[in-house]
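First up is the structure itself, then whatever we jot down about it.
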Amino acid sequence: MKAAVFYGANQPLKVEEVPTPQISSGEVLIKVAACGLCHTDISYIDHGVPTFKKPPLILGHEISGTVAEVSSDVTNFKVGDKVLLPAVMSCGTCYYCRSGRENICSNMKMFGNDIDGGFAEFVKAPAKDIFILPDEIPLIEGAIIADAITTPFHAVKNRGQVKPGDYVLVIGCGGVGLNMVQVANAVGASVVAVDIAPAKLEMAKKLGAAATVNPNEVPDVAKAVRKLTGGGADVSFECIGNPKTMEVAFSALRNGGRFVMVGYTEHSMNLNASRVMYREMEVIGSLGCRPVDYPKVIELARAGKIQVAPMVSKRFSLDQINEGLDYLRSGEGFRSVIVP
Ligand code: NAD
């Protein structure tokens, strides 16, 4: 089969012929319909963040497709079923899985990080981990549910505990942040969206943001947000991965507010410790999404309460994958997908 293979940082992915995965007991083979391009892929390629499996590795963790083959002991899927693969699979047996926190599983396996991912014609997965995609959700655009929508769902519902009427701040309106806006809006929050790209802010408004702020147009983003929210946001989400914007997300909160870190950075950030204590601030991390929440996200998308199709601004073939990565680096568009 054809795949885009990662051989190490600071070099383009190489599109080449590799063996088609062979399924074992409990597994299914999926013909990839689409695989989303995520900033996490850029962190391996451009910033030298190590993948858990040493290269060569097939990247890609937002995968949709159709079942092409099932192992003889698999009874819950059949050839032709339309499916969504979770970005990360959990073991089900470790301390975290047994306590309902599968998204921080000690033995988690992420597509395109621990195991080969979806920038390929085929990928294999355990049948116990995959989900049916209903007909109402377009198969190609539905791929982005696997990370760009499930991550915001977990962050908003479980980590941010956003309630109807809350003021929510989202800093960074890329693939993850725009969906944070949609999900927070769906649960009844008033959302202030921040991004340096006017087109992202326009999209945030279409997805329900009550107000937008462009850091290039105001001297102090945190102050502008405190003014828009009558004293500060109840919950803020940083969706870039920049220590400076994390500090802004924290400063823009009201007393007792909750700052949820979604963006990834290997650097440290500065927080005012006395403010955390004296004002009872909460600083919380959020990673991925638990399997138990995937059916809820799929249902929100099926019912049209969360939009999927307009979130995908471009499709690239496997041969165009490095062009697709450049498009992501350029900051243009919302989410783009590889269609092998
Ligand atoms: P993206 O590149 O699509 O989006 C980033 C957005 O931030 C862009 O719209 C850009 O214009 C904006 N931006 C950049 N600098 C800015 C600034 N100084 N002020 C305001 N806006 C600015 O990236 P993405 O795919 O949405 O990923 C965002 C982050 O989330 C990354 O760090 C990624 O690694 C992380 N991530 C985390 C999880 C998780 O489970 N926590 C899952 C997926 C991705």
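Indexing begins at 1, ligand by ligand and atom by atom, following the structure's order.
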Closest heavy-atom contact between Cys94 and Asn107?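 Scanning both residues completely, I find the closest heavy atoms to be CB-ND2, 4.0 Å.
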
Is the shortest N/O to N/O distance between [X] and ligand 1 below 3.5 Å?
X      : value
Ser286 : yes
His39  : yes
Val176 : yes
Gly175 : yes
Gly288 : yes
Leu287 : no

In terms of atom number and element, which parts of ligand 1 are under 4.0 angstrom from non-hydrogen atoms of [X]?
X      : result
Lys200 : 8 (C), 9 (O)
Gly172 : 7 (O)
Thr151 : 38 (C), 39 (C), 40 (O), 42 (C)

Quick one: does Arg335 get within less than 4.0 Å of ligand 1, heavy atoms only?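 Arg335: in contact with ligand 1 (<4.0 Å).
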
Are any of the heavy atoms in Cys239 under 4.0 Å away from ligand 1?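 Within the 4.0 Å threshold, so yes.
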
I want to confirm something. Looking only at heavy atoms, which of [options] is nearest to [atom]?
atom                    : options                       : result
atom 13 (N) of ligand 1 : Val260, Leu328, Ile240        : Ile240
atom 30 (O) of ligand 1 : Gly263, Ala199, Gly285        : Gly263
atom 6 (C) of ligand 1  : Ala87, Gly174, Pro152, Ser330 : Gly174

I would like to know whether Arg258 and Asp234 meet salt bridge (charged side-chain N to carboxylate O under 4.0 Å, His left out); could you show each step before the answer? CA-CA 6 Å; Arg258 188 173 298 128; Asp234 297 286; over 6 Å; no

If you define the side chain from C-beta out and look only at heavy atoms, does anything of Lys296 sit under 4.5 Å from Glu299?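 When only atoms from C-beta onward are counted, Glu299 and Lys296 do not touch, as no gap falls below 4.5 Å.
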
When you check the gap from the basic side-chain N to the acidic O, do Glu332 and Lys314 get nearer than 4.0 Å?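 Looking at Glu332 and Lys314, the cut-off is not met.
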
Considering only NZ, NE, NH1 and NH2 on the basic side and carboxylate oxygens on the acidic side, decide whether Arg159 and Glu282 come within less than 4.0 Å.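 No, no charged N to carboxylate O under 4.0 Å.
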
Parallel, tilted or perpendicular: which describes the rings of Tyr294 and Phe131, with under 30° parallel and over 60° perpendicular?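 Ring orientation, 0 to 90° scale: parallel.
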
Where on [X] is there a heavy atom closer than 4.0 Å to ligand 1, on the side chain, on the backbone, on both, or on neither?
X      : result
Thr245 : side chain
Cys173 : backbone
Asp147 : side chain

Quick one: OG1 on Thr245 to CG on Asp195, what's the gap to the nearest 0.5 Å?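 Reported value, rounded in 0.5 Å steps: 10.0 Å.
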
Can you tell me how far NZ of Lys109 sits from NZ of Lys53, rounded to the nearest 0.5 angstrom?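 It comes to 12.5 Å.
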
